Structures are given as structure tokens and as C-alpha cells.
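Structure first, then comments.
The residues of the chain are indexed from 1 along the displayed sequence. These numbers come from a predicted model, not from an experiment.
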Amino acid sequence: MTYAAITGWGKCLPPAVLTNHDLSGMLDTSDEWIVSRTGISERRISHVGLEELAYVAAARALAAAGLAGSSVELIVFGTCSHDDQVPNMASGIQRRIGAQPAAAYDINTACTSFLYGLSTATALIRTGVVRNALVIGAELISPFMDWSDRNVAVLFGDGAAAVVLEASAREEGLLAEKLGCYGEAREILRVQGMGGTYANRGVLYGITRWQFEGQEIFKRAVAGMSGACEEALARVHKTAAEVDLVVPHQANLRIIEAVAKRAGLPMERVFVNIQRYGNMSSATVPVALCEALEARRVRAGALLLLPGFGGGLSFCAHAVRWGARVTPLGTTDVELPPNELPAAEILRRCLERKTHPAPGAASAHPFG
Ligand code: UT7
């Protein structure tokens, strides 16, 4: 039997920090409201494009695995905030790491894109189609945010992370998962402005309006992730008591606490970093995984549970058996280009481009 061991991991967080206090100068909100309702204190705003963020994360994951970019056979890029739809994001990473002619595709299930990518890449390794894979979760939400809407602007941030999978005869890596979707309720989380529907009506790329029914999303997130955790554990014949660490999607601390309670898992066995990054959509779980490893919260042979939830409304939970190695084999000196700008100034310039588009660009107009 072939398994797909996780042999490398790497993250890339842009350095500019946007705090709740910064946001309360831009919107009718407060640090007290954001922390008490979400657990978020700050988030990152990127000064570079999505490919750059993802490339740095990928380079670090490859170094951690001791795998040359030229040896990679498959790249799966999970995102919903593409630099370009065509060509896809994965092909850009393939070129940057020198992995020609590796297979390269994008997956978009919003916040669960990394986990769905982990599923497909693992399946392709386990069936012998490829011998290894680079799986990325990366998002650049800030250019697509409606920064005038306090209901959503306080929740999200930018970031990227990646893992390397390699074929193994040992029983490790992703062992079982539950994937699902509440398609009947898909309208309760919709970003108007991202997609051909809007481009064909002349809406300038990046001008968005978010349909976001927070409380309804909250309920579905708790139900979807809890049910998926139960199902994933049943598929590996394990109980919550046997889970060493939960590394959940981080959209709201109260959601994480509710899922842990329903699953019968104490918060001591749940990794939380939402306070520093907010919801980075598909980057959230792999960044948290990297930080759990850095914090020595993942022991050799640990059973991990990775529940996720996102637009669609997609939900899932992945049961992962960690291997023997919990430290990286190597590091790289690949870094992001330096940034001198505070997060608020990066945002101000982004908004300036939206309201004063380049000559010849489509014009912004209200959604109908
Ligand atoms: O990755 C998956 C996608 N996202 C999620 O899973 C998010 C799921 N939902 C949530 O996390 C929560 O529902 C939110 C954090 C979005 C909202 O928390 P809530 O406790 O459900 O608040 P609410 O929507 O019931 O709003 C309570 C009040 C409202 O005022 P009124 O109508 O009671 O006067 C809002 O207008 O809080 C107001 N409010 C704010 N006040 C200050 C909403 N956003 C803010 C804000 N600052 N940023």
C-alpha cells in the first residue's frame, strides 16, 4: 500500500500588520468588538502579489523536505483570490521552482481549498499517478475586500503556506477525510465582483460587495465541521480521545471552541493562531500546521484532525498521521522583497487604484 507522507512544510506571512486599532480608525468598529466576537487582534496585508507569497512558502516547504523543485511531479494551488484565472496559479509556481513538466492545477473551494487540494494530491500519489506533490494554500484577500463594510473587513487577512507530500510505504499522511458542501445555501457567502458575471457588466476588477450572513455561516460552519470530524475519525476507526492535536480552519475563535466542544476535544488539544492573522481562507490551516510544528505541538506519529469550512458552502475534516520527523531537513534564503509601507498605506494605495483606475480600464459601477 502506498501512502502520501507530509515531508515538508513552509509558510509566508507578509510583514505589514493591520491591527484592530488601525481598523477602528477606518470603520465604525472597535478592538473590544472584534476580539470578543472573533478572537482576532491583527491580520497581515500583503505588499506583493499572490504568486510571490505562494512561491516563498513553496520554496520553504521544499527546503524543509530536502526536495529539489525540479523533482516535483504535481503542484496543487488552493486559492480563491487568483492573480490570474488564466494562466492558472499553479503553473506560475511550476515555473518559479523549475518543476517543468510537472502537472499543475488550481482548486477553488474557498477557505477549504488547501484541504481539498491535500485530498486530490494524496489520491494521485496513492494511486501511483505521481510520486510527490506540492500542495499550496495561499490567499490575497485584501485587494478584494470591501473596506467600507465592517461586517467583513475585520475578519480576513493575507498569507500563504505549502506542504510537500511524498510516496511512502509507511502508514502516514492523510489517512481519511470527509468532504461535503451545503450548495443550497451558497448565496449566504458570496463575493460580488469576483468573476465573469461582473466583468461582463463592466465592474472594475477588485471592486466588490460581500453578501455575508455571519450568523447563518457560523451555524453551518459549526455543524459542517463537527459532523465532518466525526465522520473522518470513524473512517480511521479512532475516537476524539485518540486525537493528539486539532488544527482547524480559523474563521472565528467561537466557531473553533464550539467545534471542539461538540467533538469532545479540550481546547488544550486545539491549535489556535487566529489572534495574529484573522481568516486567511485557504492559507489558514497550512499556516497553523506550520506554526504548530514550530511550537513543537506536533509529536512524531501524532494523529491530527484538520477541520475546514468555506464558501460554497464547503466543509471537510482530514485525519492525518504525522511521520517520524517534526523538524525541517533544510532552510532556504528565499525571501519576499522588502516592504517599507505600513499596512494602512498599502490599503490606501490599493483603494486609490480602484477608484482611479488606469486609462482604458473598465469603470466601477454599483451592483444591481
Ligand atoms: O471562513 C468561513 C467564512 N466565515 C465565517 O465562518 C464567519 C462566520 N460568522 C461569524 O464569525 C460571526 O457571525 C461574525 C463575527 C461575522 C459576526 O458576529 P455575530 O456575533 O454573529 O454578530 P452579528 O452579526 O449578530 O452582529 C451583532 C452586531 C450588529 O449590530 P446590531 O444589528 O445588533 O445593532 C452588527 O451590525 O454587531 C454589529 N457589527 C459590528 N459592530 C462593530 C457587525 N460587525 C461589526 C464590527 N464592529 N466590525
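Of all the heavy atoms in S282 and A110, the pair that sits closest is CB-O, 3.8 Å. Annotation for L175 and R126: closest pair O-NH1, 4.1 Å, computed over non-hydrogen atoms. In terms of heavy atoms, L134 sits closest to A162 at CD1-CB, 4.2 Å. In this structure, D28 and R150 approach most closely via the heavy-atom pair O-NH1, 2.9 Å. Taking each heavy atom of A121 and V76 in turn, the nearest pair found is CB-CG2, 4.1 Å. Of all non-hydrogen atoms in F144 and T208, the two that sit nearest each other are O-OG1, 2.7 Å.
Each of V191 and L140 belongs to its own hydrophobic cluster when Ile, Leu, Val, Met, Phe, Trp and Tyr are linked at side-chain heavy-atom distances under 4.5 angstrom. Two different hydrophobic clusters hold V285 and V287 under the rule that ILVMFWY side chains link at heavy-atom gaps under 4.5 Å. A chain of hydrophobic side-chain contacts below 4.5 Å, direct or via other Ile, Leu, Val, Met, Phe, Trp or Tyr residues, connects V163 to V320. Under a hydrophobic-cluster definition in which Ile, Leu, Val, Met, Phe, Trp and Tyr are linked whenever side-chain heavy atoms come within less than 4.5 Å, directly or via other members, L341 and L351 are assigned to the same cluster. Residues V152 and I34 fall within the same hydrophobic cluster, defined by Ile, Leu, Val, Met, Phe, Trp and Tyr side chains chained together at heavy-atom separations under 4.5 Å.
For the pair R60 (side chain) and K11 (backbone), a donor-acceptor distance under 3.5 Å is present. A donor-acceptor distance shorter than 3.5 angstrom exists from the side chain of D158 to the backbone of S46, with no hydrogens or angles considered. The backbone N or O of P87 lies less than 3.5 Å from no partner atom in the side chain of D84, so there is not a single donor-acceptor pair. Between the side chain of W147 and the backbone N or O of L27 there is no donor-acceptor pair closer than 3.5 Å. Using modelled atom types, one side-chain atom of R43 and one backbone atom of V154 make a donor-acceptor pair closer than 3.5 Å.
Annotation: the span from S81 atom OG to M280 atom CE amounts to 12.0 Å, rounded to 0.5 Å. Atoms OG and CG, from S30 and N20 in turn, are 8.5 Å apart once rounded to the nearest 0.5 Å. To the nearest 0.5 Å, the span separating CG on L118 from CG on L115 amounts to 6.5 Å. Rounding to the nearest 0.5 angstrom, the gap separating the CD1 atom in I40 from the CG atom in N279 is 7.0 Å. Put simply, OG1 on T7 and CG on N132 are 8.0 Å apart, with the number rounded to the nearest 0.5 Å. Once rounded to the nearest 0.5 Å, the distance linking CG of L165 with CD1 of I6 reads 6.0 Å.
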- Give the intermediate values and the outcome of side chain to side chain contact (heavy atoms under 4.5 Å, CB included) for residues V334 and Y55. CA-CA 9 Å; V334 168; Y55 165 63; 3.7 Å; yes

- Steps toward side chain to side chain contact (heavy atoms under 4.5 Å, CB included) verdict (I93, E51): CA-CA 7 Å; I93 299 301; E51 182 185 303; 4.1 Å; yes

- Message: Between L289 and W9, is the side chain to side chain contact (heavy atoms under 4.5 Å, CB included) condition met? List the steps.
- Response: CA-CA 8 Å; L289 182 60; W9 53 91; 5.6 Å; no

- Task: Using the salt bridge (charged side-chain N to carboxylate O under 4.0 Å, His left out) rule, take E291 and R297 through it: C-alpha gap first, then chi angles, then the decisive distance, then the call.
- Result: CA-CA 9 Å; E291 296 199 342; R297 297 277 306 271; over 6 Å; no

- Audit row: Q250, I255, side chain to side chain contact (heavy atoms under 4.5 Å, CB included) steps and yes/no: CA-CA 8 Å; Q250 321 254 331; I255 293 178; over 6 Å; no

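Here the side chains of C80 and E139 are in contact, with some heavy-atom distance below 4.5 Å. Contact check for T122 versus I125: no side-chain heavy atoms found under the 4.5 Å cut-off. No side-chain heavy atom of T332 sits under 4.5 Å from any side-chain heavy atom of L62. At a threshold of 4.5 Å between non-hydrogen side-chain atoms, the residues Y277 and L13 count as touching. Within the 4.5 Å cutoff, the side chain of L233 has no heavy atoms near those of the T239 side chain. Side-chain contact check for C111 versus T284: every heavy-atom pair is 4.5 Å or farther apart. You'll find the side chain of R44 reaches within 4.5 Å of the side chain of V17, heavy atoms only. V48 places none of its side-chain heavy atoms less than 4.5 Å from the side chain of P14.
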For a quick test of your reading: what N or O donor-acceptor pairs under 3.5 Å do the side chains of residues 256-272 make, sequence neighbours left out?
| unit_1 | atom_1 | unit_2 | atom_2 | d |
| --- | --- | --- | --- | --- |
| R269 | NH1 | A240 | O | 3.2 |
| R269 | NH1 | V243 | O | 2.6 |

Using distance only, find each side-chain donor-acceptor pair of residues 298-314 under 3.5 Å and give its atom names and separation, not counting sequence neighbours.
| unit_1 | atom_1 | unit_2 | atom_2 | d |
| --- | --- | --- | --- | --- |
| R299 | NH2 | D244 | OD1 | 3.2 |
| R299 | NH2 | D244 | OD2 | 3.2 |
| S314 | OG | T109 | O | 3.0 |
| S314 | OG | T112 | OG1 | 2.7 |
| S314 | OG | G311 | O | 3.3 |

Which pairs would a plain distance check flag for residues 211-222, meaning a side-chain donor or acceptor within less than 3.5 Å of a matching protein atom at least two apart in sequence or in another chain?
| unit_1 | atom_1 | unit_2 | atom_2 | d |
| --- | --- | --- | --- | --- |
| Q211 | OE1 | Q192 | NE2 | 3.4 |
| Q211 | NE2 | E187 | O | 3.0 |
| R220 | NH1 | E184 | OE2 | 2.8 |

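Residues meeting the side chain to side chain donor-acceptor pair (under 3.5 Å) test with R349, sequence neighbours left out: E345. For F315, the ring-ring contact (aromatic ring centres under 6.0 Å, His included) test picks out Y182, with sequence neighbours left out. Every residue two or more places apart in sequence or in another chain that forms a side chain to side chain donor-acceptor pair (under 3.5 Å) with R170 is listed here: E172. With sequence neighbours excluded, the residues forming a side chain to side chain contact (heavy atoms under 4.5 Å, CB included) with A138 are L50, A54, F77, I136, A160, listed by chain and number.
By the neighbour-count criterion of 12 heavy atoms within 6.0 Å, atom CZ of R254 is densely surrounded, having more than that number from other residues, nucleotides or ligands. Heavy-atom contacts from other residues, nucleotides or ligands closer than 6.0 Å to CZ of R95 number 12 or fewer.
Note on R321 versus E171: no salt bridge recorded, every NZ/NE/NH1/NH2 to OD/OE distance being 4.0 Å or above. Salt bridge absent: R235 and E177 never bring a charged side-chain N and a carboxylate O closer than 4.0 Å.
Within the structure, side-chain hydrogen bond (donor to acceptor under 3.5 Å, both in side chains) contacts touching residues 302-311 (residues at least two apart or in different chains) do not occur. Applying the ring pair (Phe, Tyr, Trp, His ring centres under 6.0 Å) test to residues at least two apart or on different chains, none of the pairs has a partner in residues 158-178. The ring pair (Phe, Tyr, Trp, His ring centres under 6.0 Å) analysis of residues 21-41, with sequence neighbours excluded, yields no pairs. Here ring pair (Phe, Tyr, Trp, His ring centres under 6.0 Å) pairs that include residues 84-131, with residues two or more places apart or in two chains, number zero. For residues 154-181, every residue pair satisfying the ring pair (Phe, Tyr, Trp, His ring centres under 6.0 Å) rule, not counting sequence neighbours, is listed here: F156-W210.
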